[in-house]
Amino acid sequence: MGVRTNADTPRDARKARELGAQGIGLCRTEHMFFGEGRIDAFREMICAETKEEREKALEKILPYQQDDFEQIYEAMEGLPVTIRFLDPPLHEFVPTEEEDIEKLAKAQGKSIDHIKGIIQGLHEFNPMMGHRGCRLSVTYPEIAVMQTRAVIRAAIKVQKAHPEWTLVPEIMIPLVGEIKELKYVKKTVVETADAEIKASGIDLKYEVGTMIEIPRAALTADEIASEADFFSFGTNDLTQMTFGFSRDDAGKFLNAYYDAKIYESDPFAKVDQKGVGKLMKMAIDLGRPVNPKLHIGVCGEHGGDPSSVEFFNKLGLDYVSCSPFRVPIARLAAAQSAIKMAETK
Ligand code: PEP
Ligand code: MG
């Protein structure tokens with residue numbers, strides 16, 4: 001089980017490698033945008049009202065993303081890196097401070113009131129179940145175009161600099177619940193990637209896969225496997241959507257549930273084998289026969305929890321991914337589980 005890790009920035013990637021990671025199972029691209037200067041361009045993208053405005057902002061973002069991906073590929077020295085396309089609800093990034101709103105208004109050539117109106121329009125009642133994940137790429141395919149260019153251009157550059165490595169970029173589409181969503185976004189990714197590779201003159205293979213984090217994706221995994229090169233279980237979202245409570249709000253009532261002996265432990269920390277685990281098993285059993293080459297991992301927080309890692313090993317997963325500092329524990333748990341399984345054979 002070639003334990004990977006979650007790394008969102010070049011610094012995370014270097015740390016992960018230092019701690020023994022054998023790849024990156026989840027690079028959350030949105031986390032690259034919090035830095036000085038970057039957030040401005042990102043906010044322009046979010047508050048764009050036309051495709052032209054959005055593309056203009058995306059042009060500014062592209063070099064940042066590409067540069068980060070190059071550094072991540074360099075740090076990982078040819079090991080697998082799974083890059084997840086933009087996932088969170090966009091309102092998480094909009095400015096709340098008056099001076100930031102002013103700055104954005106100036107950059108967009110719009111009035112402050114107009115920008116405030118746009119921000120209000122981004123409000124959602126249930127953001128976690130709202131306009132996020134692949135839904136962003138369906139509504140704004142230009143985001144997927146930019147992210148594909150950044151991944152593929154970075155991989156081409158690093159591959160040319162290191163002919164001894166074999167880079168195979170893994171592009172991961174989040175929050176898919178319906179095969180047609182994946183097909184739709186994948187078409188944009190493939191067209192863009194193939195054009196970049198053709199122009200570069202080198203032969204670069206790449207993969208397009210998806211997260212399994214919506215129960216419907218697990219239930220229809222046979223269909224989804226026909227279009228996916230890999231599955232990665234997003235057990236954070238899969239847990240919250242299976243239980244029907246949010247990971248951000250569950251803290252308010254979970255203690256009462258432990259006291260009442262309804263739950264023994266936090267399902268966001270230790271995977272719920274009975275329910276969430278059953279969905280995972282179903283997805284694996286449905287997906288693998290359709291696509292025998294499908295590789296399958298876990299990238300939710302559970303990837304760093306020893307008892308969950310043992311369970312994932314029994315399910316036959318190829319790797320787990322977790323935060324850099326949990327890599328040593330996850331590797332130890334995976335090794336112990338492999339020994340236990342060999343002993344009982
Ligand atoms: C998940 O849902 O398990 C996941 C890894 O994604 P997020 O960034 O939503 O936690
Ligand atoms: Mg998720």
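Along the sequence shown, the residues carry numbers beginning at 1. Each ligand, and each atom within it, is numbered from 1 in the order the structure gives.
- A salt bridge is absent between D40 and K60: the closest approach of a Lys/Arg side-chain nitrogen to an acidic carboxylate oxygen does not fall below 4.0 angstrom.
- Taking the ring pair (Phe, Tyr, Trp, His ring centres under 6.0 Å) definition, one finds that Y258 meets it with nothing, sequence neighbours left out.
- Salt-bridge formation is detected for the pair D318/R288: a Lys NZ or Arg NE/NH1/NH2 atom is positioned less than 4.0 Å from an Asp or Glu carboxylate oxygen.
- With no hydrogens or angles considered, a side-chain donor-acceptor pair links D194 and Y206 at under 3.5 Å.
- The Mg ion (ligand 2) has no N, O or S atom of D87 under 2.8 Å away, backbone or side chain.
- Protein neighbours of ligand 1 below 4.0 Å, counting non-hydrogen atoms: L26, R28, R84, D87, R132, M211, E213, G234, T235, N236, D237, R247, C299, G300.
- A salt bridge does not link E99 with K103: every distance from a Lys NZ or Arg NE/NH1/NH2 to an Asp or Glu carboxylate oxygen is 4.0 Å or more.
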Margin query: With side chain to side chain contact (heavy atoms under 4.5 Å, CB included) as the criterion, how do E98 and I112 come out once you've worked through the C-alpha distance, each side chain's angles and the decisive distance to 0.1 Å?
Written below: CA-CA 9 Å; E98 199 67 25; I112 293 176; 4.1 Å; yes

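- Below 30°, between 30° and 60°, or above 60°: for F231 and F233 the angle between ring planes is above 60°, a perpendicular geometry.
- Put simply, the angle at the Mg ion (ligand 2) from OE1 in E213 to OD2 in D237 is close to 100°, to the nearest 10°.
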